[in-house]
Amino acid sequence: MVSQIRFLMCAPDHYDVDYVINPWMEGNIHKSSRDRAVEQWNKLYNVIKEHAIVDLVKPQPGWPDMVFSANAGLVLGENVVLSRFLHKERQGEEPYFQQWFENNGYHVDTLPKELPFEGAGDALLDREGRWLWAGYGFRSELDSHPYLAKWLDIEVISLRLMDERFYHLDTCFCPLANGYLLYYPGAFDSYSNRVIEMRVAPEKRIAIQEADAVNFACNAVNIEHIVIMNKASESLKSRLAEVGFQVIETPLTEFLKAGGAAKCLTLRVTEPVREELHATTQVESRVIRLEGHLLDAGLINRALDSIVEMGGSFQVLKFNLGEQRQSTSAAEVRVTAPSHEVMEEIISQLIDLGAVDLPQDERDAKLEPIVQAGVAPDDFYVSTIYPTEIRVNGKWLKVQNQRMDAAIAISQTSDGLVARCKLVRDLEIGESALVDVQGIRTVRKTESREQRNTQEFSFMSAGVSSERRVELVVEQVAWEMRKIKDSGGKVVVTAGPVVIHTGGGEHLARLIREGYIQALLGGNAIAVHDIEQNILGTSLGVDMKRGVAVHGGHRHHLKVINTIRRFGSIANAVEAGAVNGGVMYECVKNNIPFSLAGSIRDDGPLPDTQPNMILAQQEYAKLVHGADMVLMLSSMLHSIGVGNMTPAGVKMVCVDINPAVVTKLSDRGSIESVGVVTDVGLFLSLLIQQLDKLTSPYVANVG
Ligand code: ARG
C-alpha cells in the first residue's frame, strides 16, 4: 500500500561526474556510466514507489548534479527554504528547484546572498518532527541555522561535520522512525557527539562503523519501518532488524562516484508540522573588535583560525588596514557559535588575543556571588597570563595577581572594588567571581615586526633551540641576567637534581653567591643531592670527580638526610659548619630565600621540605611574585607549577635535555619564553663563562 508520503526525484538524463567538489568525485571525472546510472536510479525509483508517491522535477542539461534533489531545499509543511549552493557548479540548479516548489504551492524563502545552505542534504528533521538537525562545516554556513529556525518555526540543533568524506549531514546521519538514529560518530566533532548523545537515548542510537559509512549506509531513505540504502553489512542489517527496521539494498555505485546515494537522490516533500513546537536555536552571534599589528603579527589569522577550529564561524565586517608598516589595523568580526558554551570558549580565546566584545562600552562584566567557599560558579571565567581588565559599573578595573588558571574574584575593600586572580580553592563567601566572557579585555603588548626583531628575547622565541644555537642563547640570557642584576631586579630559579648530577651545582652556587639569583625553587631532591655532594662528594652515589658509582653510594643521600634532620634545618647545618659549600649553602649564607616542595617519591624528607602541597604552592607564589626572569633548570613539575603562577611579561628560560619538556614549557603563546634543549650542567658552565666575559658599568655586587 502506498502511503501519503511524497518524494521529489530528478531523473539522471544529464547525470555525469563533470567536476570535483567533494572527495568522492576525485579521479572519477567522466568515469560513471550513464546507462548503469539510469538503471540504478530506476531501481531506486521503483522501490520508493512501492511505499510512497514520487514526484519528478525536469532534469536540466548542464546541471549534472541536479539528480541529487535532496539539495533542492528544505521542506517543512508548506514552507521551503531554498538551497544556496556553496559551489558555482551547482548554483544554476536553484531557479529550477524554486520553480518546482512554487508551481506545487509551496511558500519559498531564500537566504541572503553569500550564505550557503544546501537544503535537506544538510538539514534533517527528527522523524517525530520534534526538531531539526542541521549540519555545518563544509557546505552550509552556521549562520544559516537561525534563519531555518525562524522561517520553519522549529528548534534547530547544529552539528559540526569534521571529515570531508562526509561533507553533507545526510552522508553520515539518518534519523529513523520511532526516535531511532543511524549515524557515523566519526564524522562529527566531540561537542556535536555530545549534543547527539544528550538528545538521543543510548538504546535509540545506532552508531555504524566506517566500513558501512563509506558505503553510504547513513544515506538512507526511511519510510516507516523500511530503510532503503546502497549497501549494508550483515551486522548492520541485523541490528536494524532487531529494532524493527527492514533494510532494502539497491546498488547506487554510479552515484557514489559523485558523492551521493539513496537519500541524496530524493527529497521528502511532505513533512508534517507539529503546531505546538516553536523556533529555538542555540546559535549565537557576537561582534568583536581586534586592534594591533593584525597582519604583521599574524593576529588576525590566529583569531580567525581559532574561531573555526573551535567550531564557530565568522564574518569580517570591517577591516581597516594600517597604511604604514608601523601603524596598527583594526577589524570587526562577527563570530557565530553553535551554542553559548562554544561561544564562551571562542570568546575567551579571542580575549587572550586582545579582542574586545562589542559594544564594549555598554556591557559590564557578569559577576556571580560565591555561595560555597572554594567553589566557583559553573561558567566562571578562567584567567590567563595576560594583564586583564574587567568592566564593572561602567569602569575598567585592572585585575591584580595576574596568573593563569584562576578565577577572577571581586571583593569590596576599604580601597573600593578589587579584582584579583584567585585559585578556585581560595574563593570565599562574600566575594563574587567573574562568569561568562563579556566585559573582559586583556592588554596585549602589540609588537610590530620591528619591535619583535629588536627585542632581545625575540630571536630565540622562534622555537626551541638546538645544540648549535645554545651558545647564542646563553649569550642573550647572560646579557639579560646582567641587566636585571644591575637594575636590582629579580631572577628566580627552579632547579631539579639533574643540575647536581650533571655537575652544574658549583655554577649555580656561584650565580647565587654573585647576586644573580634572588630565589630558588625546587623539591627535596635538589637540596639532598647538593648537600650529598658537599658532604660526601657524590650525587646519588656517583663520585662527582671520577664519574663512577661508589660502593654503597646509593645509601649516601639517606645518610645526608639523616644528618640534616639531626640539625633540624639546612640553615642550622650550615651554621654548625656541617655543610660548607654548594647551592643550599650559598642560599643560606646570602639570605636567598628558597622553597622545597615535597612529593610522593621523597626520601626523608629534609626538615625544610614542605610536604603540604598547597602551602608549597603558596610559598612558591610568594617567591615568584615580582620576578623579571625565571630560569627553569631541568625540573619539569616545578617549572610547570611556576609557569602557571607567572604572568605574561616575565621572561622564562627553560633548559632541559628533553625537547618535549622544553616545548611544553616555552609554549605559552608569549614571546617572552624561550626553550633550550641541552645538558643543564653544560648550560650553566657556558652561562658562567659568558657572565665572566661581560663587563658592567656598575660594580658587581659580590656577596
Ligand atoms: N556531487 C554532489 C555534490 O557534491 C553530490 C551531492 C550529494 N547530495 C547529498 N545530499 N549528500 O554536491
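Numbering of ligands and ligand atoms starts at 1, following listing order. Computed from heavy atoms alone, side chains included, the values below leave out hydrogens, waters and symmetry copies. All residue numbers in this chain count up from 1 along the given sequence.
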Next on the checklist: Strictly below 4.0 Å, N to O, side chains only: are Arg194 and Glu341 in salt-bridge contact?
Outcome noted: yes
Next on the checklist: Looking only at distances, can you tell me whether any N or O atom of Cys264, backbone or side chain, sits closer than 3.5 Å to an N or O atom of ligand 1?
Outcome noted: no
Checklist entry - For atom 12 (O) of ligand 1, which protein heavy atom lies nearest, and how many Å away is it? => result Arg90 NH1, 2.8 Å
Checklist entry - Can you tell me if Glu89 has a non-hydrogen atom under 4.0 Å from ligand 1? => result no
Checklist entry - What do you reckon, are the aromatic ring centroids of Tyr184 and Phe166 less than 6.0 Å apart? => result yes
Checklist entry - Should the pair Tyr15 and Phe255 be assigned to parallel (<30°), tilted (30 to 60°) or perpendicular (>60°) ring geometry? => result tilted
Checklist entry - Which ligand 1 atoms does Gly121 reach within 4.0 Å, using its non-hydrogen atoms? => result 10 (N)
Checklist outcome for this item: In this structure, atom 8 (N) of ligand 1 is nearest to the protein heavy atom Asn71 OD1, 2.9 Å
Next on the checklist: Against the six-membered ring of Trp131, is Arg199 placed for a cation-pi contact (under 6.0 Å from the centre, within 45° of the normal)?
Outcome noted: yes
Checklist entry - Can you check whether Thr171 has an N/O within less than 3.5 Å of an N/O in ligand 1? => result no
Item to check | Carboxylate-amine/guanidinium proximity below 4.0 Å for Glu254 and Arg34 | outcome: no
Next on the checklist: Could you check whether any heavy atom of Tyr167 sits closer than 4.0 Å to an atom of ligand 1, since that is the contact criterion I want to use?
Outcome noted: yes
Checklist entry - Short list, please: which atoms of ligand 1 are under 4.0 Å from a heavy atom of Asp65? => result 1 (N), 2 (C), 3 (C)
Next on the checklist: Need the ligand 1 atom indices (1-based, order shown) with element for anything under 4.0 Å from a heavy-atom of Asp170.
Outcome noted: 9 (C), 10 (N), 11 (N)
Checklist entry - Non-hydrogen atoms of Arg139 versus ligand 1: any pair closer than 4.0 Å? => result yes
